[in-house]
Structure formats: C-alpha cells, structure tokens
Amino acid sequence: MPLRLFNTYSRTLEEFHPLDPAGSEVKMYTCGPTVYAHAHIGNFRAYLFEDLLQRHLESRGFQVRRVMNITDVDDKTIQGSRSAGIPLAEFTSSFKQAFFADLDTLRIKRADHFPEATEPGQIAAMIEMIKTLVERGLAYQAEDKSVYFRINKFPGYGQLAHFDLSELRSTGRVKSDEYDKEHVGDFALWKAWDEEDGAVRWESPWGPGRPGWHIECSAMATQLLGDQLDIHCGGVDNIFPHHEAEIAQTEGCTGRKFVRYWLHCAHLMVDGQKMSKSLGNFYTLRDVLAKGYSGREVRYALMRVHYRAQLNFTWEGMEESRKALRRIDAWVARLREKAEEENAQRPTPNVQRPTEEGSGFEDALDDDLNISGALGVLFETISETNLALDLGKLDSDAARLRLQWWERIDRVLAVSGEETVALPAEITALAEARTQARLAKEWRKSDELRDELAAKGWEVRDTKDGQKITRRGGV
RNA sequence: GGCGGGGUAGCCAAGUGGUAAGGUCGGGGUCUGCAAAACCUCUAUUCGCGGGUUCGAUUCCCGCCCCCGCCUCCA
C-alpha cells in the first residue's frame with residue numbers, strides 16, 4: 001500500500017515519493033517556534049503531527065533529515081526583551097530551553113538541526129537571498145528603507161493558498177503604515193532599523209535593520225537542506241502568507257521548485273475557538289502538567305485526532321486519553337507476564353497465534369496518517385488478545401509475537417510506559433502500615449489507610465501480588 | 001465576498017455504493033473482605049437538511065443550513 005499524503009498545493013492526496021533517486025532520504029522542514037513566550041499546546045499539536053509523520057516515514061524505511069527553525073528575532077521578541085529590560089539573546093534563551101524541555105516531555109524526536117534566525121551565517125544567507133531578489137527585480141527598497149518582495153513579479157504568488165490577489169482583504173490586524181509599498185500584498189524581506197529596535201540591528205546593503213520573518217525560513221531551509229525539499233509542514237495559519245512568501249522568495253532565487261509536498265495541520269481549538277496567544281485562550285504544556293497529566297497523556301490526547309481535522313481541547317478529552325493509555329498499559333503488562341512463562345511441553349490446545357504480524361496499523365497511517373484507523377487496529381488487537389488470554393487460547397510464544405508487534409508500532413506512537421514516580425517516604429510508610437493491617441485482616445484500618453492515601457493523592461489497588469500505588473491523576 | 005476544513009451514538013472519532021471500526025461515559029457480569037483496577041458484555045434501523053441517480057446511498061450528483069479556520073502577527 002503506497003503512502004499517500006494530502007498536499008495543500010494540489011489539494012489532493014498524492015502518493016509520496018522522495019526526490020532522492022534511491023528513494024530513501026526525505027528532506028523535511030518544519031516551521032518552529034518564535035521564542036517570545038512558552039509555546040502553547042496548540043503549537044505542540046503541530047509539532048506532534050510532524051513527529052508522527054517523521055516516525056511513520058521512518059517505520060516505512062525512509063531516512064528523514066529534518067530541520068526545525070527557531071525564530072529568535074521579530075517584533076514580539078524585541079518587544080519582550082525591551083519590556084524585560086534585557087538583551088534579546090538573553091530574553092529568548094530561556095524560552096529556547098523551555099521549548100526543548102517540552103519537546104522531551106512530549107517525546108517528540110529532535111530534528112537534525114534547529115537553526116536560529118540570529119546566527120551570523122543565517123543572517124548572511126538571508127542578505128544574499130535578498131540581494132539576488134533585488135538584482136532580479138523581484139524586490140525593491142522603499143522610501144522607508146525597508147526592502148519588499150514585489151509579488152506582481154512572481155506569477156505563482158497565491159497558488160498555495162489558492163488566493164486571487166486582487167481580492168485580498170485587509171483584516172486590519174497588522175498596522176498598515178507601509179504606504180511605501182507598491183502593492184498591499186508586498187511583504188518585507190528586510191525591515192529597516194528604527195528606534196524601537198534598540199540594539200537589535202545588523203548591517204546590510206540597504207542600511208541597518210533586521211530580516212523579515214518569511215526570509216528566515218527560506219534561508220535556513222535552503223542552507224541546511226538544499227534548494228528543494230520533499231516535505232514542508234506547519235499549521236494551516238502558515239499557508240498564507242508565510243508559506244506563500246517562502247515559495248516566492250526561494251523560487252525567485254533558485255528558479256527551482258522549492259517544496260514537493262506541503263502538509264498543514266489544523267488548529268487546536270478550545271471552547272470552539274482557535275487556541276491562540278492573542279485570544280488568550282491557551283494552555284501551555286506546563287499548565288496541563290500542573291493539572292496532574294503526564295507528557296505521554298498530552299501526547300496521546302493531541303495526536304489521536306487526524307491532523308487535518310480541528311481538535312477541541314477539553315479536560316474530558318484528557319481523561320479519555322488517560323483511560324485509553326491505561327488500557328494499553330494493562331494489556332502490555334498482561335502480555336509481558338504471559339510472555340515470561342515457558343511454554344508447556346504440550347502445546348496449549350486451540351492456541352491462537354497471529355498467523356502473520358498484521359500491518360493494519362501502518363496501512364492506516366499510509367492513508368494520510370489516519371491515526372484513528374490505526375488506533376482502531378490497536379484496540380481491536382487488544383480486545384482479541386485479552387479475550388484469547390481469558391480463554392487460555394494464547395500461549396507465551398503468541399504473547400511474545402504480540403509484544404514484538406506492540407514494540408514496533410510504539411516506535412511510532414511513543415506512548416508506552418508510565419513515567420515512574422518515586423514514592424515519598426510518608427506514602428511508603430502508610431502503604432507499609434496498610435500491608436500489615438491487611439495481613440492481620442484488620443479491614444477497617446486497611447480502609448482508613450486507603451482513604452488517607454487517597455486524600456494525599458495516591459491511589460491504592462490490591463492485586464494478587466499485593467497492593468500497588470499510583471499517583472492519582474487529574475484535578 | 002473569496003479560499004479551505006468539518007457536521008456519524010452523551011462526548012471524541014474511523015469508515016464503505018450493499019446495510020455503521022475504535023476510544024470514553026453509562027447499564028449488566030466475572031474477580032474481590034469491601035472497593036479500586038483489570039477483563040468480558042450490552043448500547044446508532046442510523047450517519048446536518050431537502051431533492052436526484054441506483055435494485056440499494058451515510059458513502060455518488062445537485063441545492064440548502066450550521067460550525068470553525070485563512071484572506072498579510074499566528075502552529
């Protein structure tokens with residue numbers, strides 16, 4: 001079954017084949033964060049979608065070379081550093097660190113490169129690109145000293161978003177004091193320095209200033225991956241103008257098709273509206289962790305809905321995700337237990353063995369990352385296995401095969417295993433007291449201790465191997 | 001207004017021209033000192049609305065309604 005992906009450019013599902021003649025290497029560029037604040041979970045939904053894509057590509061044998069940029073200079077970062085009264089680099093560095101910590105919490109694989117816009121080499125590359133565009137008449141310096149891209153000189157402008165330029169409407173969200181532009185749609189490649197920028201400035205052939213946002217990605221992508229990319233991802237809100245601008249700038253310089261597959265992730269919603277910093281209706285990862293949820297629970301919750309469908313974030317959804325993961329955990333634990341048993345000399349009667357390790361999970365993901373279908377395959381397998389175990393129809397060999405299958409698909413899902421939490425001494429002491437009470441069959445005391453543990457946020461379950469204690473999640 | 005995405009059980013969500021995966025909640029059961037957990041099991045004559053094509057449509061076609069996003073800060 002071929003891998004098919006929905007290409008925003010063509011608005012159709014297309015079979016995926018990388019540019020690499022050997023059909024192995026995939027060059028992937030993913031728009032990263034602007035480090036002026038903590039990323040919110042809507043941002044992470046996009047990064048999780050990209051992680052799922054990368055992991056699935058790898059499970060299908062591709063070598064993914066991925067770049068994710070860090071935007072560490074723009075209006076917001078400059079404003080932030082000014083109001084904090086510290087240099088730009090100092091201001092952004094804590095948010096960079098937090099971003100990487102959050103990636104780890106969510107088990108998002110690291111990209112091969114995380115270029116930063118302010119790296120001298122990147123700034124130089126941006127200036128080179130702008131020079132080329134000016135030489136070719138695709139850009140011009142306006143009276144305000146800024147350099148703009150001349151969209152009327154680039155016939156393809158608007159094709160990704162499928163916009164008719166003559167019908168562009170201003171939303172009034174951006175202050176339109178840029179009367180110097182030839183066309184309202186012309187976008188800044190180089191922003192001339194002004195007093196608001198303070199010490200943030202680089203020299204250029206057009207005077208001091210800083211790069212525009214769009215050119216950053218064009219420069220960093222081509223520096224690290226070459227003129228042509230296989231896949232470029234981002235949120236749907238990047239389609240226009242950001243990705244449209246990237247195409248215009250990059251192809252204006254190289255004359256070659258920049259990106260072969262454009263993939264865009266729908267928004268995370270909250271109360272039926274887009275989660276965004278400007279609306280103020282956002283949660284950071286830290287906010288959700290503070291409610292007692294783990295990174296893998298957030299990962300699951302944000303990954304379980306198809307990337308092109310809007311996903312409404314709710315605490316109920318978090319709870320559903322937690323329960324679903326518990327079901328997986330219990331199943332894996334049960335399989336491990338069974339797998340460790342030696343098979344009896346006599347084969348188990350009517351044993352059910354997976355005749356051939358199914359690829360239903362991967363097949364579903366081949367269909368434009370149909371995660372719901374893939375999870376359906378997983379949960380059906382869980383039910384079948386549990387039933388077979390109940391009926392004594394699954395022996396240790398079969399359990400080992402199932403486990404191997406699970407390990408394979410979990411390289412894509414990356415949700416297995418709860419993070420182990422160390423028990424505080426106080427809790428250990430209470431638990432020990434309860435064990436003693438139970439041995440003495442002092443049920444009332446046992447129950448009181450259970451209540452006490454519960455009040456402290458720890459859940460006790462009695463199993464045939466004694467009591468098990470877990471941190472109670474939620475609320 | 002233009003361009004997209006979506007409307008399937010209480011909630012979340014797959015899917016197919018032939019009669020609706022899965023998760024979660026809820027009901028029932030097994031287990032248990034009691035619980036919890038775990039496991040099993042039941043729960044949509046029906047897929048936004050109205051037409052049409054068809055032996056048959058949730059799935060194809062036409063029209064309409066509603067929600068959300070983008071239209072130069074945004075993942």
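Just so we're on the same page: letters track the sequence lines, and every chain starts at 1. Hydrogens, waters and symmetry mates are skipped; everything else that's a heavy atom, side chains included, is used. Keep in mind that this is a model prediction, so the values were computed, not measured.
For A:Y283 and A:H40, the distance between ring centers is not under 6.0 angstrom. Checked against the 6.0 Å centroid criterion, the rings of A:Y36 and A:F95 do not qualify as a close aromatic pair. Centroid-to-centroid, the aromatic rings of A:Y157 and A:F154 stay 6.0 Å apart or farther.
No donor-acceptor contact under 3.5 Å links the side chain of A:D271 to the base of B:C68. Side chain A:E320 to base B:G23: a donor-acceptor pair is found below 3.5 Å. One can find a donor-acceptor pair under 3.5 Å joining the base of B:A35 and the side-chain atoms of A:R450. Judged by distance alone with a 3.5 Å cut-off, no donor-acceptor contact links the side chain of A:D237 to the base of B:G4. Judged by distance alone, with hydrogens and angles left aside, A:R438 brings a side-chain donor or acceptor within reach of the base of B:G33, the pair sitting under 3.5 Å.
Sequence order on RNA chain B of the closest nucleotides to A:E50 and A:R11 puts A:R11 first from the 5' end. Looking at which nucleotide of RNA chain B each of A:V236 and A:S321 is closest to, the 5′-most match is held by A:S321.
Checking B:C3, B:U72, B:G33 against the side-chain heavy atoms of A:R434 singles out B:G33 as nearest. Looking at the side chain of A:D367, the nearest of the listed nucleotides B:C70, B:G33, B:G15 is B:G15. You'll find that the side chain of A:A330 is closest to B:A38, out of B:C3, B:G69, B:A38. Residue A:L387 places its side chain closer to B:C40 than to any other of B:C40, B:G33, B:C3. Comparing B:G33, B:C40, B:G69 against the side chain of A:D390 picks out B:C40 as the nearest. Picking from B:G33, B:C39, B:C40 the nucleotide with the shortest atom distance to the side chain of A:R334 gives B:C39. Checked against B:C39, B:C25, B:C71, the side chain of A:K323 finds its nearest nucleotide in B:C25. Here the nucleotide nearest the side chain of A:I151, chosen from B:G69, B:C40, B:U72, is B:U72. Listed candidates were B:G69, B:G4, B:U72. Nearest to the side chain of A:P241 is B:U72. In this structure, of B:U72, B:C11, B:C70, it is B:U72 that holds the atom nearest to the side chain of A:H183.
When all heavy atoms are compared, the tightest approach of A:D102 to A:R286 is OD1-NH2, 2.9 Å.
With rounding to whole Å, A:D368 atom CG is found 10 Å from B:G15 atom P. Between A:H306 atom NE2 and B:G69 atom C1' the separation is 17 Å, expressed in whole Å.
When heavy atoms are screened at a 4.0 angstrom cut-off, A:N370 is found touching the sugar-phosphate backbone but no base atom. Contacts of A:N312 with the nucleic acid, taken as non-hydrogen atoms under 4.0 Å apart, are absent. Residue contacts shown for A:G42 include a base, since a base heavy atom lies under 4.0 Å away. Across all strands shown, A:M269 has heavy atoms under 4.0 Å from sugar-phosphate atoms exclusively, and none from any base.
Stacking between A:F379 and the base of B:G22 is absent under the criterion of ring centres within 5.5 Å and planes under 30 degrees.
Atom NZ of A:K145 has 12 or fewer neighbouring heavy atoms from other residues, nucleotides or ligands inside a 6.0 Å radius.
With a 3.5 Å ceiling on both atom-pair distances, B:A14 lacks any Watson-Crick or G-U wobble partner.
Atom CE of A:M126 is separated from atom CH2 of A:W190 by 8.5 Å, given to the nearest 0.5 angstrom.
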